[in-house]
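Here is the structure we will look at.
The figures here come from the full heavy-atom set of this structure, side chains too, leaving out hydrogens, waters and symmetry mates. Quick note on labels: first sequence line is chain A, next is B, and so on, each numbered from 1. Since the model is a prediction, treat every value here as computed from it, not as a measurement.
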2 protein chains.
Amino acid sequence: MTVPAASGLPHADVGEDPSPEAVQLIELLFFAYRDFTGDADAILAEYGYGRAHHRVLHFITRYPGLRVADLLLILNITKQSLARVLRQLVEGDLVVQSAGDTDRRERRLHVTPAGRALMRRLVGAQARRIKRATGLSGNGADAAIRRFLTAMIEPETREMVSTMLNLPKLSKDLNGELQP
Amino acid sequence: MTVPAASGLPHADVGEDPSPEAVQLIELLFFAYRDFTGDADAILAEYGYGRAHHRVLHFITRYPGLRVADLLLILNITKQSLARVLRQLVEGDLVVQSAGDTDRRERRLHVTPAGRALMRRLVGAQARRIKRATGLSGNGADAAIRRFLTAMIEPETREMVSTMLNLPKLSKDLNGELQP
DNA sequence: CAAATATGTCAATATGACTGACGTAAATTC
DNA sequence: GAATTTACGTCAGTCATATTGACATATTTG
């Protein structure tokens, strides 16, 4: 398989110096990510939701018992931005909130069966595309791709992602929930 | 190097079935793309531009002499959406328009020196991140990553990207411009 | 009890996208 | 040469997602 953006566009020209390989990857990332999110967008549109809802639903599904503050850290948005999306998910009965066990100010977030059903559809669509892509990428490509994407993440963010659920407070609580 | 999202989050849970590897890549894609665009966002903010301007500037830089219609196809947006962004780029003297040689209805788009300067900064920042990431991904990872990202693109889009500048009309005109 | 924390909410604003309708100039077709 | 099509622009209204800033409420903690 050849690389479209290169094979088809012999006369491309980006400034002076920058490495053509990097520029190629910049374009591939743009198109790949756009179509990747497109899978989910189409499904979400049926429900009247958008990407923001997807992201929230995803992380609540992935890390049940997540608090609002955790979501804000993960998504890197303001609570005002989150509020509307989260309210709609709760109103749509995809997510439920409950006061924290030890700290009743906290709103622990959980996905309802309906939310799980939607997530299955979304993950299904996106996983299908990813499976196809990794399948076409050759043997052992999987690890290389994971390393690449991981290295693309801002070190700070990377650390946040990896350590977030290990933070004393959150980890303690989550373990309590997940290993009862 | 380990994979944060996996190593740090042993208790993750997404629905029932979906392959953990795919789910992991879904998350990595989210964070990787967010931080990747973040590089450019920070620079663009200095100029009062946004991602939309970046995309337009990128493709005009990459394919000089592009027509408005081509941009609409590439970006998959409406002309009304493009109009404001393009107008701002022209007003900001980053892009110039000129009537087509053979068809004077066309607006052939070109980047000005100022536009090139901005693009150099943007590409520089993004290329740096990509270089770092590919560098950390091991030998031969480059090809695997390109194949993966290419395969992630919707086949239709993929074809569009690869053939667009080979279309009789555009290819002819562009060749005339690029190989005078 | 006072202070800090977790969350919610009101209000105003920006960006980037959309639909629909209409206009204009130039090329193409009959 | 008139009619149609094409390339592009523009006006108007809307929506989704995000922002900043200010303030409210409940609960925990020192």
OP1 or OP2 of C:dG16 less than 4.0 angstrom from a side-chain nitrogen or oxygen of B:Arg84, does that happen here?
yes

Counting only side-chain nitrogens and oxygens, does A:Thr78 get under 4.0 Å of the OP1 or OP2 atom of D:dT19?
yes

Using atom CZ of B:Arg51 as one end and atom P of D:dT17 as the other, report the distance to the nearest whole Å.
14 Å

Non-hydrogen side-chain atoms of B:Glu21 and A:Thr134 separated by less than 4.5 Å
no

In whole angstrom, what separates B:Asp70's CG from D:dT6's C1'?
14 Å

Look only at the side chain of A:Arg107 and the backbone of A:Gln97, and say whether a donor-acceptor pair between them is shorter than 3.5 Å.
no

What integer distance in Å separates B:Leu73:CG from D:dA7:C1'?
13 Å

Salt bridge or not for A:Arg129 and B:Glu154, using N-O below 4.0 Å?
yes

With a cut-off of less than 4.0 Å, is there a side-chain N or O of B:Gln97 near OP1 or OP2 of D:dG9?
yes

Does D:dT19 have OP1 or OP2 under 4.0 Å away from a side-chain N or O of A:Ser81?
yes

Is a donor-acceptor pair below 3.5 Å formed from side chain A:Gln80 to base D:dG21, judging by atom type as modelled?
yes

Can you tell me if CZ on A:Arg128 sees more than 12 non-hydrogen neighbours from other groups inside 6.0 Å?
no

What is the distance, to the nearest angstrom, from the CZ atom on B:Arg87 to the C1' atom on C:dG16?
13 Å

Determine the contact category for B:Asp41: base if any of its heavy atoms lies under 4.0 Å from a base atom, sugar-phosphate if only primed atoms, P, OP1 or OP2 are that close, otherwise nothing.
nothing

Roughly, in whole Å, what's the span from CG in A:Leu75 to P in D:dA16?
19 Å

Is it true that, when you exclude A:Glu156 itself, more than 12 heavy atoms of the residues, nucleotides or ligands shown sit nearer than 6.0 Å to its CD?
no

Note: for A:Arg107 and B:Ala52 on DNA chain C, the residue whose nearest nucleotide lies more 5' is A:Arg107

In whole Å, what is the span from the CG atom of A:Leu109 to the P atom of C:dA6?
14 Å

Determine: side-chain N/O of B:Arg55 to OP1/OP2 of C:dA17, distance under 4.0 Å, yes or no.
yes

Quick check on D:dC8: is either OP1 or OP2 less than 4.0 Å from any side-chain nitrogen or oxygen of B:Arg105?
no

Between B:Arg104 (CZ) and C:dA26 (C1'), how many Å, whole number?
7 Å

Separation of atom NZ in A:Lys79 from atom P in D:dG21, rounded to whole Å:
13 Å

5'-most by nearest nucleotide on DNA chain D - A:Asn76 or B:Leu86
B:Leu86

